[in-house]
Amino acid sequence: MELDDLYQQIILDHNKRRAGYGLQPGGFPSHQYNPTCGDELTLTVRLSDDGSTIRAFEWEGKGCSISQASASLMTSEATGMSVAEFERFAEGFRDAMRSRGTIALSEEDYGDLAALSGVSKFVARVKCAMLAWVAAEDSLILTRESLN
Amino acid sequence: MSQFTPEQSAAIRAEFPQLSETVSGHPLVYLDTAATSLRPRIAVDLESEFALRHTAAVNRGAHSLAAEATEAYDDARASIAAFVGARPNQLVFTSNATESINLVALAVQLASAVGSPARFALAAGDEIVVTEAEHHANLIPWQEVARQTGAVIRVAAVTDSGELTAEAVQSVMSDRTRIVAVSSVSNVLGITNPVRAIADLGRAAGAIVVVDACQSAAHGRLDVNSYGADFVVFSAHKMYGPTGIGALWGTTEILAEMPVVLTGGAMITRVDFDSSDYLPAPAKFEPGTPRLTQAIGWAESLRYVESIGVDAIAAHEEALGADMFAGVVDIPNVRILGTDHGVHRVGLVSFTVEGVHPHDVGQYLDSRGIAARVGHHCAQPLHKRLGVDSSTRFSLGMYSTSDDVALAVAALADVREYFGEG
């Protein structure tokens with residue numbers, strides 16, 4: 001396990017760029033907490049008026065470079081997806097993260113998020129990478145419940 | 001105050017096989033002894049040999065194996081008690097120090113529910129004093145006591161440089177103070193607290209004084225009586241012993257008064273359908289089949305510690321710890337939590353690296369073979385008090401060397417550059 005497999009330049013860049021950073025009032029934010037390291041992240045998914053498309057991710061939080069980059073990369077790659085598309089996307093991401101290095105994210109499907117593939121070899125860091133995604137799924141459920 | 005010679009260090013390190021392992025292609029530099037110390041081969045060998053040849057039920061049965069096991073268990077207790085300056089019947093075996101504190105806290109809850117014994121019974125408005133530097137294990141059990149009884153938690157402040165004074169404790173005491181809970185050394189700051197002065201205040205006020213001695217237990221001479229406390233707790237796995245066993249030490253008087261918490265076999269004399277009589281301490285706090293192999297292993301670990309010499313280990317770790325502090329403090333953009341001015345420190349230093357999260361610091365160090373602790377170290381309130389969320393910690397054991405410290409300091413100096421902060 002090489003350290004550079006984990007910390008690709010894209011990750012270090014997104015740790016600083018943090019696309020989607022900044023929460024606006026309203027919506028259905030989800031607060032997620034990682035008790036082992038004390039990291040936290042709050043994320044709100046904004047849907048189109050008909051509830052079918054993800055218009056934006058807004059998030060704030062503090063944590064390691066993996067958790068911050070994962071939130072930023074998700075924002076960059078998944079904004080504009082249909083809800084159904086995002087659900088499949090998140091499922092595939094989770095499967096790869098939990099694969100202990102056996103499933104790599106393809107650049108074709110996951111774009112720059114493929115840079116997070118190396119995380120799955122570092123079991124202790126999978127939770128860091130998943131923090132924003134768990135918040136997104138949770139916020140999505142809360143948002144869609146409000147539409148029904 | 002001096003470090004072990006290279007020859008002495010080599011002999012000690014030969015006894016700890018894990019130190020020959022490699023991590024990420026580098027020889028292991030183990031700087032996480034404050035979380036769990038490594039195990040000496042001699043103690044693990046004895047534990048294994050004992051399990052293979054002498055396993056039997058303790059305190060029951062008349063056959064030879066059971067009698068031998070009972071004798072070995074009692075000998076282990078006597079030997080561990082002697083190491084900490086206690087009498088054997090003052091030493092209650094538990095799973096770990098956390099359980100030891102919980103045992104006292106639960107006894108307080110049980111007594112409070114029925115209003116006796118008076119010493120342990122708290123009422124609404126009574127006060128429990130803790131400090132800002134406590135590990136969660138010496139905080140949360142008391143929060144539960146407060147929740148169950150209506151008692152109130154009072155928190156003694158540490159200074160911005162991490163010092164706890166007896167005056168700070170005194171300032172939160174009142175005529176309602178019933179419990180004072182303090183650690184001998186903070187597991188984040190590494191600073192030795194004035195436990196004797198604090199315990200004196202607590203006992204003068206008639207409070208039950210509980211000392212968490214986990215971080216000093218095998219890093220200097222632990223004399224449980226020297227604190228002047230009612231209870232002292234510590235864990236084997238921070239004393240070169242096995243996981244799964246720890247101890248609650250109490251004065252003879254307080255253990256006699258303390259109500260039983262867990263009940264069952266092995267802690268009784270007469271049993272009828274409606275009531276039973278209990279054995280005196282420590283048996284009344286140890287129902288069920290005891291931790292036989294662990295007690296044997298712990299006692300042997302401490303014999304090994306004694307063979308090296310507790311004072312020599314303390315001197316080695318203190319001298320090396322001072323070098324480590326000096327090495328870390330010199331690195332730009334690294335902030336140490338706690339001072340080294342005018343305080344006694346153990347070989348432990350926690351710090352933050354500007355612009356790099358501790359999780360990333362720890363991962364980078366691991367890639368250089370260095371095992372450091374990252375996170376909040378089970379002390380979230382203290383981190384908040386010091387204005388940070390988490391930190392990275394280096395801690396020393398008897399096997400640590402100046403090479404370990406030099407490698408760790410050199411790696412730490414490279415962290416910011418790796419993450420593009422340099």
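Labels below follow one simple rule: chain letters A, B, ... track the order of the sequence lines, proteins then strands, and each chain is numbered from 1. Here the structure is a predicted model, which is why all the values come from computation and not from measurement. In what follows, every heavy atom counts, from backbone to side chain, and hydrogens, waters and symmetry copies are set aside.
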### Task
Would you please indicate if the ring centroids of A:Tyr7 and B:Phe419 are separated by under 6.0 Å?
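Distance test on ring centres: under 6.0 Å, yes.
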### Query
CG/A:Leu6 to OH/B:Tyr364 distance, rounded to the nearest 0.5 angstrom?
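Atom-to-atom, A:Leu6:CG and B:Tyr364:OH are 13.5 Å apart.
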### Message
To the closest 0.5 Å, what do you measure between CG (B:Asp360) and CD1 (A:Ile66)?
### Response
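It is 6.0 Å, given to the nearest 0.5 Å.
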### Task
Among the options A:Ser65, A:Pro35, A:Ala124, pick out the one with the most heavy-atom pairs lying under 4.5 Å from chain B.
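It is A:Ser65.
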### Over 12 non-hydrogen atoms of neighbours within 6.0 angstrom of CD in A:Glu107
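Counting other residues, nucleotides and ligands, CD of A:Glu107 stays at 12 neighbours or fewer.
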### Query
Around atom CG of A:Asp49, are there more than 12 heavy atoms of other residues, nucleotides or ligands at under 6.0 Å?
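No - once you tally the heavy atoms of other residues, nucleotides and ligands closer than 6.0 Å, there are 12 at most.
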### Message
Report which part of B:Gln380 has an atom under 4.5 Å of a heavy atom belonging to chain A: side chain, backbone, both, or neither.
### Response
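The side chain, not the backbone.
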### Query
With distance as the sole criterion, is a donor-acceptor pair present between the side chains of B:His357 and A:Asp39 under 3.5 Å?
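There is such a pair (donor and acceptor under 3.5 Å, judged by atom type) between the side chains of B:His357 and A:Asp39.
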